[in-house]
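The chains referred to below are lettered A, B, ... by the order of the sequence lines, with proteins before strands, and numbering in each begins at 1.
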There are 2 protein chains.
Amino acid sequence: MLRVRRRDYIGTLLRYLPTCRTGMLPGVKAAIVSIGTELTNGLTVDTNSAWLSLELASIGWDVGLHVTVPDDRDAIAAAVRQGVAQSDAVFVNGGLGPTADDLTRESISEAVGQGLSRDPELLRQIESYFDKLGRSMPESNKRQADIPIGGHGIANTCGTAPGVRVMFDGKTIYAMPGVPREMKVMFERSILPELPVDSNRTSTVVRTIRCFGAGEANIGEQIADLMTSGRQPVVGITAHDSIISVRVIARDAAIAEAEVADIRGRLGQLVFGEDATTLQSAVGQLLLDQKVTVSVAESCTGGMLGGRLTDVSGSSGYFQGGVVTYAYEAKTDLLGVPADLMMQKGAVNGEVASMMASACRRRFGTDYALSITGVAGPGGGSDEKPVGLVWFGLADAGGVVVEKRLFGTHLTRWEIRDRACKVALNLLRLRMTGESG
Amino acid sequence: MLRVRRRDYIGTLLRYLPTCRTGMLPGVKAAIVSIGTELTNGLTVDTNSAWLSLELASIGWDVGLHVTVPDDRDAIAAAVRQGVAQSDAVFVNGGLGPTADDLTRESISEAVGQGLSRDPELLRQIESYFDKLGRSMPESNKRQADIPIGGHGIANTCGTAPGVRVMFDGKTIYAMPGVPREMKVMFERSILPELPVDSNRTSTVVRTIRCFGAGEANIGEQIADLMTSGRQPVVGITAHDSIISVRVIARDAAIAEAEVADIRGRLGQLVFGEDATTLQSAVGQLLLDQKVTVSVAESCTGGMLGGRLTDVSGSSGYFQGGVVTYAYEAKTDLLGVPADLMMQKGAVNGEVASMMASACRRRFGTDYALSITGVAGPGGGSDEKPVGLVWFGLADAGGVVVEKRLFGTHLTRWEIRDRACKVALNLLRLRMTGESG
């Protein structure tokens, strides 16, 4: 079994100390029940189970079972009972909404053999949620205050549906909303802190190295000897939208650090950060560290690059703004790109990319400027300028350089624009770290 | 139970005809078992279950249960037995690899009470797979040719692991690889064609109505009588990032259309489209239909709105471009917003929103211009201008109107910016459809 710990030493210690009095636990097992017909009919992928599993693993719990059932009272009750029979605690998510197809409260009360009772305090909490929005509480939301007799409500700080905690047969059942954000906040705020930590199993460290600029197979080959089956530490590799993640799972922090250092040494400039770092947050940090500013001139990405840069809180410290010069006229009016140049040669070439970057830099008075002009598809391509062809410009005090990429035609319009934003950010990152592309 | 049909009339008909001889089936039920500790510990999200569910729904099968278990023989055997007890067929994926933690073959043979037998033909297929790669077959791959006695192997055309098909207690168990691509190919090539089609349930039509501008509970109340349990057609409601989706599942297209018309009549301007329609594609269609153009002036959204508009292929037909005036100076330089005004009153107010929209419209020469200026958080808020406060401007030939929103502080930075883009698009949509906001 893999066991995972968040890098929160102090948090783990704090969680452990209060539970010393309960003694050590012999392998706490959890079951997760996800409710929703949109899950069983495949219209929605269940991501809540995976998230809950990671959270539970961080305190050393084993998840022995995920069960997903439709909005059906019998199916939900059966799954909850199965969870109770097999585990020490059952974590249910979904079906706590106000509508007629939300059946979790009734089903849990059926599974534990109790009736439902409307809790006045929870009702007040729900009313107050609507008050804050300046609205009156709809009738249908009242049922969200119903709790199995003997159970307790769990405050929902992000939405209307209170959670439920109820004991049955010596086991604890927790019910949370299915809306991922509401579930996560409720779990971290009200449930996780009261769960006993199995400290025997929390000693595993996970480090994730984020890479961009080569494919999964290429990076895999550079660390192939580290990924053989059964080896410790465990090293795995996944790819998502051209970001390659190398994950190290080790038995302690020192071993993990040594492995990470080895891998980073081998992969060099391909590595832009770890864990939650994105290309835009890595670039943002470099801009802050070097006390420089950036602006952007976008065509085919339409604002996506600026949107990415400003995803990062505090980006006003280095991002002045940008222009989205989607039409030829906008390129001429805002960036001075000559109309007849574009009439002759189009807008997707190095010359235009270069002019866009230079003009943008002057316009905004920034240290750096990035430009992107390309064919995002699916229409608009030609033999000479196929779909996926994108030119990039990077202007700084020393001048402007351009680069060309041809993204694969199997990529969708969004994917081509997404990869273009990532390439642009990476060009700036490599420039600022003094490495060559 | 929800039943789903792919909108592939011909495919459905072709699948139906060959199975006429098997007669009609009374509600075929399937269970899906996904195997892998990387799933139960949350390191990998299970997408195979959802994919299989959609495939099965396309031939009218009900999936009553998804179970996910770790690489543990007892857990797998128990899940398979549970599936057999509750369903007509069990679809297992994962655990067919060559390594020591791949236990599906042993577990299934335990569940069905049979031993394993090494199939010489399957062994040859696996050897030939390695031959083609110019490699010799590793010893560990031999176990992939083991099949429960009485069962059959299923050829894997993309990898080494053959699938397994075995009957037990009158039910059929199918085991497929966990690698998504291998599973999908094997399922479509060798399993789906032999599954009987429940034609009673393949004539089901699904219509999804997309709404924006009210919450899930509010919309739910307006259609509460349509959502009572057991009613036909089935009507359900879900929310995702403030887009409310009302799904109608009916037995034929005429019934579905009547229900959709009723719901659209009740919800009025809250409805912006159906199925894959987004606010940006709905607005794009209106702009094309009315042959008008738009530009955008963004501050806190940083380019996200332009990025959304240009997500739509063909948006060059109506989108000229935009400016991302993130810093005060950019608002002054590009849109003429007076610096002293912003010094006194900041940039998040109706006056600035109004100036941004008007100036943008003039700058780009478009029929419409949208502006957004707000506090995206988590920092940057004050008592007067809290996080989540966003002002919008909409300029057209007649002048400019502004609107204010206060998005809940429980929303993340991305969510506030996402909602802001949606509100902006919706303002334009309502203006163009002649409805009031």
Side-chain angles (χ1 to χ4, degrees), chain A residues 1-2 4 37-38 40-43 45-47 49-54 57 63-70 75 97-101 138 140-141 157-158 160 229 298 301-307 309-311 313-314 316 319-327 329-330 364 378-379 413-414, chain B residues 1-2 4 37 40-47 49-51 53-54 57 63-70 75 99 216-218 220-221 224 227-229 236-238 301-307 309-311 313-314 316 319-327 329-330 364 378-379 410 413-414:
Chain A
M1 299 269 155
L2 288 178
V4 178
T37 304
E38 73 279 8
T40 51
N41 68 20
L43 289 176
V45 170
D46 171 21
T47 56
S49 300
W51 186 88
L52 284 167
S53 286
L54 280 174
V63 175
L65 186 70
H66 290 180
V67 181
T68 306
V69 288
T99 57
D101 55 356
S140 50
N141 287 83
T157 52
C158 305
T160 64
S229 193
E298 305 184 53
T301 42
M304 212 183 200
L305 179 59
L309 279 162
T310 54
D311 251 351
S313 179
S316 54
F319 180 67
Q320 285 290 104
V323 288
V324 177
T325 50
Y326 208 61
E329 296 89 341
F364 285 90
R413 178 183 177 84
W414 181 86
Chain B
M1 298 278 152
L2 288 179
V4 179
T37 304
T40 51
N41 69 20
L43 287 175
T44 302
V45 171
D46 170 23
T47 55
S49 300
W51 187 87
S53 285
L54 281 174
V63 175
L65 186 70
H66 289 181
V67 182
T68 305
V69 287
T99 57
E216 183 181 358
N218 183 305
E221 281 190 349
M227 295 202 295
T228 52
S229 196
I237 185 169
T238 51
T301 42
M304 211 182 200
L305 178 60
L309 279 162
T310 53
D311 249 351
S313 177
S316 55
F319 181 67
Q320 285 290 106
V323 288
V324 177
T325 50
Y326 209 62
E329 296 89 342
F364 285 90
H410 59 283
R413 178 183 178 84
W414 181 86

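- In this structure, the portions of A:Pro138 lying under 4.5 Å from any heavy atom of chain B include both its backbone and its side chain.
- Heavy-atom minimum distance, B:Phe364 versus A:Val324: CE2-O, 4.2 Å.
- Contact of A:Asn141 with chain B is made through the side chain alone, with heavy-atom distances under 4.5 Å.
- The candidate with the highest count of non-hydrogen atom pairs below 4.5 Å against chain B, out of A:Gly379, A:Pro378, A:Cys158, A:Gly307, is A:Gly307.
- Here B:Gly302 is the residue among B:Ser316, B:Gly302, B:Gly321 with the most heavy-atom pairs under 4.5 Å with chain A.
- Taking chain A as the reference chain and counting heavy-atom pairs below 4.5 Å, the highest number among B:Gly236, B:Ser49, B:Ser313 is found for B:Ser313.
- Heavy atoms only, all atoms of each residue included: B:Val45 and A:Asp46 are closest at CG1-O, 3.6 Å.
- Contact between A:Ser140 and B:Ala217 at its shortest, heavy atoms only, is OG-O, 4.5 Å.
- Contacts with chain A were tallied for B:Met304, B:Arg413, B:Gln320, B:Glu216; B:Arg413 has the most, counting heavy-atom pairs under 4.5 Å.
- When A:Val323, A:Asp311, A:Thr325 are compared by the number of non-hydrogen pairs under 4.5 Å with chain B, A:Asp311 comes out ahead.
- Note: A:Thr310 OG1 to B:Tyr326 OH = 5.0 Å, rounded to the nearest 0.5 Å.
- At a threshold of 4.5 Å between non-hydrogen side-chain atoms, the residues A:Thr40 and B:Leu65 do not count as touching.
- Listed options B:Gly306, B:Gly322, B:Ala330 were ranked by heavy-atom pairs under 4.5 angstrom with chain A; first place goes to B:Gly322.
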